[in-house]
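Here's the structure we're looking at; comments come further down.
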There are 2 protein chains.
Amino acid sequence: MKIPPKKYKYSWPIEATLDVIGGKWKPLVIYTLKEGTLRFSQIVDKVEPRITQRMLTKELRELEKDGLVKRKVYAQVPPKVEYSLTKKGESLIPILDELCDWGSEHMGDDIEFTCEE
Amino acid sequence: MKIPPKKYKYSWPIEATLDVIGGKWKPLVIYTLKEGTLRFSQIVDKVEPRITQRMLTKELRELEKDGLVKRKVYAQVPPKVEYSLTKKGESLIPILDELCDWGSEHMGDDIEFTCEE
DNA sequence: CCGTATCCCTAAGGATACTG
DNA sequence: CAGTATCCTTAGGGATACGG
């Protein structure tokens with residue numbers, strides 16, 4: 001008996017949520033933007049200098065597509081682009097807070113930074 | 001100026017948490033075990049028939065290593081192995097609940113099943 | 001400054017067959 | 001029943017160079 005193909009993109013809601021925040025840098029980007037609007041280069045500085053432009057652009061585009069992040073382009077040279085959270089994006093903050101707390105509590109020894117300063 | 005190598009396994013606590021629950025089937029396995037102890041084959045049935053033995057074994061081993069799941073082997077033929085959550089594993093349930101709720105609320109149209117029945 | 005465009009590599013995940 | 005053992009495919013992520 002054959003297993004039928006999936007009708008939906010996701011089987012379980014948890015899958016869907018993790019897909020949206022599951023990129024390597026996505027949760028950090030969202031978490032960083034919770035304080036307010038930031039420019040592209042500021043995100044690089046705040047999140048992690050190790051991130052490449054290609055990856056940050058890619059993940060920001062996906063976050064935008066999923067409606068978590070707003071992108072505002074200023075028509076000027078050199079370019080200026082600002083990113084901020086949408087309502088939908090903000091609704092993830094409490095969850096990210098808990099993910100952060102759980103990590104600190106249970107895996108603290110393997111982690112460089114803490115949740116808040 | 002060179003970026004120094006990482007001293008810790010993770011930079012941010014969120015990373016650490018997502019690494020622990022981030023496998024394809026891990027959150028579902030944890031979520032399924034929250035009702036109580038289950039045998040290997042029962043997990044397959046409950047989580048998703050699409051999962052392969054290899055993958056389920058692999059993820060269960062990792063969950064065990066991370067201290068989220070207990071494994072109890074009965075010395076009998078045919079084998080019987082029971083899995084259950086540890087305290088640490090149980091501590092993730094509230095977070096998974098929220099991940100589930102968020103998914104239902106914001107991505108409902110792309111999802112086959114709901115959080116609870 | 002804020003991106004693309006390429007190319008590359010590794011790890012995650014899967015198919016299938018076999019076994020105590 | 002509950003796994004290993006192999007082999008294979010793909011997607012995620014990264015390095016680097018170039019462009020408006």
Side-chain angles (χ1 to χ4, degrees), chain A residues 1-3 5-6 9-12 15 18-29 32-33 37-66 69-84, chain B residues 1-3 5-6 9-12 15 18-29 32-33 37-66 69-84:
Chain A
M1 166 182 156
K2 268 204 89 201
I3 295 171
K6 297 178 72 168
K9 185 167 182 195
Y10 307 106
S11 296
W12 305 100
E15 266 188 274
L18 287 179
D19 191 45
V20 159
I21 65 170
K24 174 98 176 266
W25 309 100
K26 283 184 191 178
L28 266 32
V29 169
T32 304
L33 285 175
T37 299
L38 289 176
R39 301 181 57 166
F40 187 90
S41 51
Q42 291 177 310
I43 299 178
V44 172
D45 293 341
K46 282 206 156 197
V47 167
E48 165 71 80
R50 260 177 275 252
I51 195 173
T52 61
Q53 289 188 336
R54 170 176 126 70
M55 281 310 295
L56 183 55
T57 303
K58 188 166 157 288
E59 305 225 321
L60 281 170
R61 286 297 173 310
E62 290 171 13
L63 290 171
E64 200 190 350
K65 183 172 115 310
D66 289 326
V69 160
K70 267 194 303 279
R71 179 165 178 265
K72 180 168 185 187
V73 183
Y74 293 83
Q76 63 179 50
V77 179
K80 172 178 170 183
V81 181
E82 286 182 343
Y83 292 92
S84 58
Chain B
M1 166 183 158
K2 268 205 90 200
I3 296 172
K6 298 177 73 167
K9 184 167 183 195
Y10 307 107
S11 296
W12 306 98
E15 266 188 274
L18 287 179
D19 191 45
V20 159
I21 64 169
K24 175 96 175 267
W25 309 100
K26 283 184 189 177
L28 266 32
V29 169
T32 303
L33 286 175
T37 299
L38 288 176
R39 301 182 57 165
F40 187 90
S41 50
Q42 292 177 308
I43 299 178
V44 173
D45 294 342
K46 282 206 154 197
V47 167
E48 165 71 80
R50 262 179 273 253
I51 195 173
T52 61
Q53 289 187 336
R54 170 175 128 68
M55 280 311 295
L56 182 54
T57 303
K58 188 165 157 291
E59 304 225 322
L60 281 169
R61 285 295 160 349
E62 289 173 14
L63 289 171
E64 200 189 351
K65 183 171 116 306
D66 288 327
V69 159
K70 266 193 305 278
R71 178 165 179 266
K72 181 169 185 188
V73 183
Y74 292 83
Q76 62 178 52
V77 178
K80 172 178 170 182
V81 181
E82 286 183 343
Y83 292 92
S84 59

Problem - A/F40 side chain near A/Q42 side chain, heavy-atom distance below 4.5 Å - result: no
Exercise for the section: Give the rounded distance in Å between these two atoms: CD of B/E62 and P of D/dG3. Expected result: 14 Å
Problem - Atom-pair distance (CD on A/E82; C1' on C/dG3), nearest Å - result: 16 Å
Practice task
Measure the shortest side-chain to side-chain distance between B/K72 and B/S84 over non-hydrogen atoms and say whether it is less than 4.5 angstrom.
Solution key: no
Problem - Salt bridge present between B/K26 and B/E62 (N-O < 4.0 angstrom) - result: yes
Problem - Axis bend over the full length of the helix from C/dC1-D/dG20 to C/dG20-D/dC1, computed from five pairs that close each end, to 10 degrees - result: 50°
Exercise for the section: Would you indicate, yes or no, if D/dC1 has its OP1 or OP2 atom less than 4.0 angstrom from a side-chain nitrogen or oxygen of B/S41? Expected result: no
Handout entry: Whole angstrom value for the distance that separates P of C/dT4 from CG of A/L60
Key = 10 Å
Handout entry: Cationic N near anionic O, under 4.0 Å, A/E64 to A/K70
Key = no
Fill in the blank from the handout: To the nearest angstrom, the CG-P distance between A/L18 and C/dA12 comes to 16 Å
Problem - Pairwise side-chain contact, B/E82 with B/L38, heavy-atom cut-off 4.5 Å (strictly under) - result: no
Exercise for the section: Would you please test A/L33 and A/I43 for side chain to side chain contact (heavy atoms under 4.5 Å, CB included) and show each step? Expected result: CA-CA 8 Å; A/L33 285 175; A/I43 299 178; 4.2 Å; yes
Practice task
Take atom NZ of B/K80 and atom C1' of D/dG3, then tell me their distance rounded to the nearest Å.
Solution key: 17 Å
Handout entry: Residue pair B/T37, B/Y83: steps toward the side chain to side chain contact (heavy atoms under 4.5 Å, CB included) verdict
Key = CA-CA 6 Å; B/T37 299; B/Y83 292 92; over 6 Å; no
Problem - Footprint string (nucleotides 4-20 of chain D, 5' to 3'): B base within contact, S backbone only, - free, heavy atoms under 4.0 Å - result: BBB------BBB----B
Exercise for the section: Return the value, rounded to whole Å, for the distance between atom OH of A/Y83 and atom P of C/dC2. Expected result: 8 Å
Problem - Rounded distance in Å - CZ (B/F40) to C1' (D/dC1) - result: 9 Å
Handout entry: Heavy-atom side-chain proximity of B/L56 to B/V29 below 4.5 angstrom
Key = yes
Problem - Within 6.0 angstrom of A/K80 NZ, more than 12 heavy atoms from elsewhere - result: yes
